Amino acid sequence: MENRRVRLRFAPSPTGGLHMGGVRTALFCYLFAKKHKGDFILRIEDTDQTRYVRGAEEYIIESLKWCGIEPNEGVGFGDGTYAPYRQSERKELGIYKKYADQLVADGHAYYAFDTAEELDAMRKRLEAAKVAAPQYNAVTRQSMRNSLTLSEDEVKKLLAAGTPHVIRLKVPRNEEIRFHDIIRGWVVVNSTQVDDKVLLKSDGMPTYHLAHIVDDIEMEISHAVRGEEWLPSAPAHVLIYRFLGREGNMPLLAHLPLILKPDGNGKLSKRDKSGIPMFPLNWYDERTGESYIGYRETGFFPEAFVNMLAMLGWNPGTPQEIFSMEELIQAFSFERVNKSGAKFDPEKTKWFNQQYLRKKSDKELAELFLPILKEKLKTTSASYQQPTTDYIEGVCRLVKEKSHFVSEFWDAGSYFFIAPANYDAEVIKKRWNDASANFMKNVTESFKNVNTFTAAETEANFKKTAEAQAIPPGQVMQLLRVCVSGVGGGPMLFEIIELLGKEEVIKRLEKAITVISQKIQPSTKAL
Ligand code: GLU
């Protein structure tokens with residue numbers, strides 16, 4: 001075990017879009033594999049043909065790529081040393097049947113010929129007898145039609161006649177099954193609680209239980225990492241490894257904690273209504289006709305999404321919260337993954353995006369904002385001047401502080417591009433009167449004499465004008481803001497003024513004074 005190459009697989013079933021819980025599993029596998037200079041493999045577990053969804057595989061691959069959690073081996077990746085990586089293709093090669101036959105030959109599995117009706121009748125019988133969890137097991141199999149109850153001859157005949165049958169695991173009665181989970185420690189289960197799981201279905205397809213073990217063996221997987229929902233079947237898996245003579249070098253197991261709803265009440269579902277997406281990318285489920293919005297399309301940065309996911313159930317043991325992928329790789333270990341469920345926090349998720357937004361350069365942000373800006377300007381009927389790249393970068397610099405997403409930039413700063421036509425009514429009502437109108441006129445006039453129209457110069461000039469009229473600047477600042485931007489809040493006022501530039505600011509002030517004086521019933525309140 002010690003010298004084994006670290007090889008982890010992410011093994012999704014293409015039964016739908018990849019939920020963020022699945023992405024987290026992939027991420028943890030990736031981080032661990034990279035940390036130990038090992039392999040991260042993508043295997044597609046498509047043995048359940050009835051649940052196969054078209055487009056799901058492509059979606060999974062695109063999602064992993066967007067997140068930067070790229071496999072170095074697997075479906076669509078690597079040189080194919082352990083190919084094929086799709087279970088349906090592996091089935092064609094007879095890989096699973098070989099193992100199932102071996103288990104039968106060694107007396108650890110058996111043929112079962114029971115029809116659906118017979119199984120149903122058994123379940124009803126057990127329910128009538130008040131058996132809490134009716135199952136096919138060491139006791140009940142004795143009264144069913146299988147190769148343990150039928151004579152050898154009969155079994156041969158049934159098989160030769162092509163009678164539909166499955167292969168079941170022969171779980172021993174009342175035996176202790178012990179296994180170690182890196183996150184949960186030692187787990188002990190009595191075999192009475194384990195049913196005789198189907199290993200090979202009547203169509204020759206392996207079930208998940210057999211297929212993933214065979215593949216983990218053949219692909220030399222060192223660690224099997226998956227969601228907590230698989231923990232109850234782990235004892236059966238340990239038995240299969242044992243029966244195949246491989247319990248001693250089976251992959252190390254790690255079952256990740258659930259991701260819980262924001263209120264901690266139950267598992268997070270793909271229909272969560274927190275307003276934050278549950279899927280990495282937009283997903284349309286053609287079976288149900290439901291569509292889901294993705295993190296990508298909502299405007300999340302992949303780095304922020306990944307950082308947030310890493311913190312769902314794992315902690316570095318320090319107060320650090322912001323981690324690049326490289327830092328996550330260095331810091332990650334399964335020992336620091338919690339056993340208990342991790343609460344999903346929509347606000348914190350936005351906070352992560354905000355942290356990454358602030359870290360981006362104005363140039364990068366301007367590039368991201370440009371398509372949105374073009375679209376908005378295309379549909380406006382107001383006149384505006386085509387902004388320069390420098391100007392757009394300047395806007396990004398000012399509006400990014402209070403935004404979580406680039407998509408908020410337009411609402412936060414449309415006035416940088418289009419002069420206001422309306423002015424915040426609350427502020428006007430509270431602050432506008434003859435005296436303030438007069439004051440704004442003085443400000444406008446004195447701004448005309450400011451030569452270097454910087455934030456510092458205009459601020460000093462504004463304060464001087466206020467002092468000359470014995471007005472505390474704080475009382476008229478917001479009015480100035482409303483006159484130039486139309487709105488009562490936003491980035492640093494004099495930074496806005498500097499960016500708009502002298503000519504534009506003076507034009508806006510003159511317009512505001514006229515429009516407001518005409519339209520608004522003057523307040524009788526003195527300044
Ligand atoms: N196909 C299983 C799933 O989609 C994989 C579980 C495992 O990793 O063993 O959850």
Side-chain angles (χ1 to χ4, degrees), residues 354-355 357-367 369 373 384-403 406 408-420 423-424 426-428 430-432 435-516 527:
Q354 185 177 44
Q355 304 311 306
L357 189 132
R358 287 185 185 162
K359 284 211 284 190
K360 298 235 181 263
S361 70
D362 301 331
K363 187 167 179 296
E364 282 173 282
L365 291 174
E367 276 161 20
F369 181 42
L373 179 63
Y384 62 89
Q385 245 192 353
Q386 213 47 259
T388 64
T389 311
D390 275 358
Y391 186 76
I392 301 170
E393 285 177 19
V395 173
C396 292
R397 176 171 57 82
L398 294 186
V399 296
K400 74 175 175 194
E401 277 313 306
K402 288 188 179 153
S403 302
V406 173
E408 292 167 355
F409 286 7
W410 173 257
D411 282 344
S414 58
Y415 56 79
F416 281 107
F417 305 96
I418 298 169
Y423 302 90
D424 187 314
E426 284 293 307
V427 179
I428 299 300
K430 197 161 145 211
R431 300 259 182 236
W432 195 265
S436 59
N438 200 35
F439 170 72
M440 290 314 295
K441 274 183 207 154
N442 291 342
V443 170
T444 314
E445 285 314 307
S446 74
F447 271 1
K448 287 181 183 167
N449 299 322
V450 179
N451 290 326
T452 44
F453 211 70
T454 59
E457 289 285 322
T458 50
E459 182 168 7
N461 181 282
F462 174 79
K463 284 189 173 150
K464 230 168 49 203
T465 312
E467 272 157 28
Q469 288 189 230
I471 298 170
Q475 280 197 18
V476 274
M477 280 266 270
Q478 212 191 8
L479 206 52
L480 177 64
R481 178 185 286 281
V482 169
C483 288
V484 296
S485 73
V487 290
M492 307 269 281
L493 173 58
F494 293 97
E495 296 282 338
I496 301 177
I497 287 177
E498 177 176 332
L499 187 60
L500 284 170
K502 184 170 175 176
E503 200 185 321
E504 180 68 16
V505 169
I506 289 170
K507 209 160 80 187
R508 287 187 180 196
L509 285 174
E510 284 172 345
K511 180 181 161 199
I513 295 165
T514 319
V515 172
I516 300 171
L527 267 175

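Keep in mind it's a predicted model, so treat the numbers as computed, not measured.
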Separation between NZ (Lys360) and NZ (Lys400), nearest 0.5 Å, reads 11.0 Å
Any [X] side-chain heavy atom under 4.5 Å of [Y] side chain:
{"X": "Met440", "Y": "Trp432", "value": "yes"}
{"X": "Val395", "Y": "Phe409", "value": "no"}
{"X": "Leu373", "Y": "Pro387", "value": "yes"}

I would like to know whether Arg481 and Ile496 meet side-chain contact (heavy atoms from CB on, under 4.5 Å); could you show each step before the answer?
CA-CA 9 Å; Arg481 178 185 286 281; Ile496 301 177; 3.6 Å; yes
After noting the C-alpha distance and the side-chain angles of Glu408 and Val399, does the key distance pass the side-chain contact (heavy atoms from CB on, under 4.5 Å) rule?
CA-CA 9 Å; Glu408 292 167 355; Val399 296; over 6 Å; no
Modelled atom types, side-chain donor and acceptor of Ser361 and Glu364, under 3.5 Å:
yes
Just by distance, with hydrogens left out, do Asn461 and Ser446 show a side-chain donor and acceptor under 3.5 Å apart?
yes
May I ask you to check whether over 12 heavy atoms, not counting those of Glu426, lie within 6.0 Å of atom CD?
no
Neighbour count >12 (heavy atoms, 6.0 Å) for atom NZ, Lys511
yes
Is there a donor-acceptor contact under 3.5 Å from the side chain of [X] to the main chain of [Y]?
{"X": "Thr452", "Y": "Thr454", "answer": "no"}
{"X": "Lys502", "Y": "Asn451", "answer": "no"}
{"X": "Arg431", "Y": "Gln475", "answer": "yes"}

Residue list, ring pair (Phe, Tyr, Trp, His ring centres under 6.0 Å) with Phe416, at least two apart or on another chain
none
Which is it for Met477 and Phe462 under the side-chain contact (heavy atoms from CB on, under 4.5 Å) test, yes or no, and what are the steps along the way?
CA-CA 9 Å; Met477 280 266 270; Phe462 174 79; 3.9 Å; yes
Does a side-chain N-to-carboxylate-O contact under 4.0 Å join Lys448 and Glu445?
yes
I'd like to know if Glu459 and Lys463 make a salt bridge, using a cut-off of under 4.0 Å between side-chain N and carboxylate O.
yes
Working for side-chain contact (heavy atoms from CB on, under 4.5 Å), residues Ile497 and Leu480:
CA-CA 10 Å; Ile497 287 177; Leu480 177 64; 3.8 Å; yes
Partner residues of Lys507 under the salt bridge (Lys or Arg N to Asp or Glu O under 4.0 Å) criterion, sequence neighbours left out
Glu504
